[in-house]
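Worksheet: one structure, shown below.
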Amino acid sequence: MPELPEVETTLRGIEPHLRHQRITSVVVRQPRLRWPVTEALSRVKNSAIHSLHRRAKYLLIETDHGHLIIHLGMSGSLRISDPERPLRKHDHVEFKLSSGKVLRYHDPRRFGAVLLTDEPPEQHKLLSNLGPEPLSADFNGEHLFRASRQRKIAVKNLIMDGHIVVGVGNIYASEALYLAAVRPAKAAGRVTAKRYDEIAAAIKKVLGDAISMGGTTLRDFVNTDGEPGYFQQTLNVYGRKQQPCRQCGTAIKLKVIGQRSTFYCPRCQH
DNA sequence: CCGGACTCCTGGGTGC
DNA sequence: TGCACCCAGGAGTCCG
């Protein structure tokens with residue numbers, strides 16, 4: 001399940017293979033993704049790729065004929081491949097490149113998206129109301145503190161709200177709150193400024209470490225079937241229900257918050 | 001505006 | 001080994 005570090009790792013993996021390329025054709029095998037992949041996508045045929053960027057978990061590919069906006073949902077991946085390589089089940093969209101390689105979008109659960117927009121991507125409605133990037137200087141404890149006043153939602157839901165800060169998925173939300181020693185269910189409006197400093201720092205650490213890890217284990221994105229080095233970092237709480245806390249030995253608890261599994265140490269986190 | 005529920009989908013795990 | 005069942009999850013959308 002790609003979280004922000006995996007999306008960043010994907011970007012870094014495919015970027016060298018797409019830079020200075022032209023898209024020579026587009027094949028859509030399964031148009032039913034999060035939003036239908038329409039015929040309009042074929043407009044990128046015969047256009048040059050100028051740049052790749054990431055905003056939140058969206059990959060943005062600038063071409064002569066608009067920006068491709070790609071989201072991996074929770075099971076999506078992008079891979080550079082040789083065209084004669086056999087298709088895998090769920091290889092839904094393919095871009096042929098002037099290099100002779102192809103970029104394949106693969107997504108078993110089809111929660112992802114492949115869109116094309118004429119607008120500057122930051123003005124697209126999916127991107128226009130997003131909060132700051134978690135690793136940017138705009139994101140800090142003060143930002144969280146201000147955004148959380150009068151809010152009754154659980155602090156975990158606050159940090160997972162893309163309007164507040166982008167890129168904090170379910171796994172890293174639990175991990176960051178563990179590092180910050182804050183109970184996930186605590187009302188966001190009742191968390192102090194000081195503790196938001198710790199939460200912001202923990203988010204930066206968890207995501208930053210995961211990106212470094214992705215970078216160091218980055219596989220060749222060409223012709224690999226395996227996933228790149230996702231989740232190699234040691235998780236402290238996520239998925240560790242009933243297992244001992246690494247700091248104090250207390251059994252890790254599982255609690256569903258906002259329909260999502262949430263893990264925490266009842267002794268270390270308050 | 002806010003909070004919470006619902007929704008899309010398939011693979012993997014479990015229990016019988 | 002097969003089958004029914006349940007669950008996971010990003011994030012947009014809807015409802016009260």
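Values in this document were obtained by computation on a predicted structure and should not be read as measured data. Residue numbering restarts at 1 for every chain, and letters A, B, ... go by the order of the sequence lines. Both backbone and side-chain heavy atoms feed into the values below; hydrogens, waters and symmetry mates do not.
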Run the numbers on A:S128 and A:Q123 for side-chain hydrogen bond (donor to acceptor under 3.5 Å, both in side chains), then give the verdict. CA-CA 5 Å; A:S128 61; A:Q123 288 174 27; over 6 Å; no
Can you list every pair that meets salt bridge (charged side-chain N to carboxylate O under 4.0 Å, His left out) and has a residue in residues 46-58 of chain A, with sequence neighbours left out? A:E8-A:R54, A:R54-A:E133, A:R55-A:E133
Could you check whether any side-chain heavy atom of A:R183 comes within less than 4.5 Å of a side-chain heavy atom of A:L177, counting everything from C-beta outward? no
Heavy-atom distance under 4.5 Å between the side chains of A:D64 and A:H50, does that happen here? yes
Counting primed atoms plus P, OP1 and OP2 as sugar-phosphate and everything else as base, spell out the protein contacts along nucleotides 3-11 of chain B at 4.0 Å heavy-atom distance: B, S or - for each nucleotide, 5' to 3'. SSBB-BBBB
Length of the [atom1]-[atom2] vector between [X] and [N], whole Å:
{"X": "A:L4", "N": "C:dA11", "atom1": "CG", "atom2": "C1'", "answer": "14 Å"}
{"X": "A:L126", "N": "C:dG10", "atom1": "CG", "atom2": "P", "answer": "16 Å"}
{"X": "A:K125", "N": "C:dA11", "atom1": "NZ", "atom2": "P", "answer": "15 Å"}
{"X": "A:K57", "N": "C:dG10", "atom1": "NZ", "atom2": "P", "answer": "5 Å"}
{"X": "A:R149", "N": "B:dC2", "atom1": "CZ", "atom2": "P", "answer": "14 Å"}
{"X": "A:D161", "N": "B:dC1", "atom1": "CG", "atom2": "P", "answer": "13 Å"}
{"X": "A:I164", "N": "C:dG12", "atom1": "CD1", "atom2": "P", "answer": "14 Å"}
{"X": "A:D107", "N": "C:dA11", "atom1": "CG", "atom2": "P", "answer": "13 Å"}

Can you list everything that forms a side-chain contact (heavy atoms from CB on, under 4.5 Å) with A:P132? Sequence neighbours excluded, please. A:S136, A:D138, A:F139, A:H143
Just to verify, what does A:L87 make a side-chain contact (heavy atoms from CB on, under 4.5 Å) with, not counting sequence neighbours? A:R29, A:D91, A:E94, A:R104
Check whether any side-chain nitrogen or oxygen of A:S261 sits under 4.0 Å from OP1 or OP2 of C:dC7, and answer yes or no. no
Taking only the side-chain nitrogens and oxygens of A:Y58, find out if one of them lies under 4.0 Å from OP1 or OP2 of C:dG12. yes
If you check every side-chain atom of A:M160, which of C:dG10, C:dA8, C:dG12 has the closest atom? C:dG10
Mind checking the CZ-SG spacing from A:R240 to A:C265? Nearest 0.5 Å is all I need. 10.0 Å
Overall bend of the helix from B:dC2-C:dG16 to B:dC16-C:dG2 (five pairs an end, 10° steps) is 50°
Taking ILVMFWY side chains as joined if any heavy atoms are under 4.5 angstrom apart, and letting links pass through other members, which residues group with A:L60? A:W35, A:Y58, A:I69, A:L115, A:L126, A:L127, A:L130, A:V166
For A:Y264, enumerate each residue passing the ring pair (Phe, Tyr, Trp, His ring centres under 6.0 Å) test, keeping only those at least two apart in sequence or located in another chain. none
Under the ring pair (Phe, Tyr, Trp, His ring centres under 6.0 Å) rule, collect the residues that match up with A:H92, sequence neighbours excluded. A:H90
Please compare A:L254 and A:H163 by the position of their nearest nucleotide in DNA chain C and report the one closer to 5'. A:L254
With a 3.5 Å distance limit and no angle check, can you tell me whether A:T192 reaches the backbone of A:R195 through a side-chain donor-acceptor pair? yes
Look for any protein N or O under 3.5 Å of an N or O in nucleotides 4-6 of chain C and output each such pair with its distance, or none.
none

Interface polar pairs with nucleotides 14-16 of chain C, N/O, under 3.5 angstrom:
none

Under 6.0 Å from the NZ atom of A:K45, do we count more than 12 heavy atoms belonging to anything else shown? no
Non-neighbouring partners of A:S47 that pass side-chain hydrogen bond (donor to acceptor under 3.5 Å, both in side chains), sequence neighbours left out: none
Output a table of donor-acceptor pairs, distance under 3.5 Å, between side-chain atoms of residues 152-162 of chain A and any protein atom two or more places apart or on a different chain; print 'none' if there are none.
| residue | atom | partner | partner atom | Å |
| --- | --- | --- | --- | --- |
| A:K156 | NZ | A:N170 | OD1 | 2.6 |
| A:K156 | NZ | A:T262 | OG1 | 2.8 |
| A:D161 | OD1 | A:H163 | N | 2.8 |
| A:D161 | OD1 | A:H163 | ND1 | 2.9 |

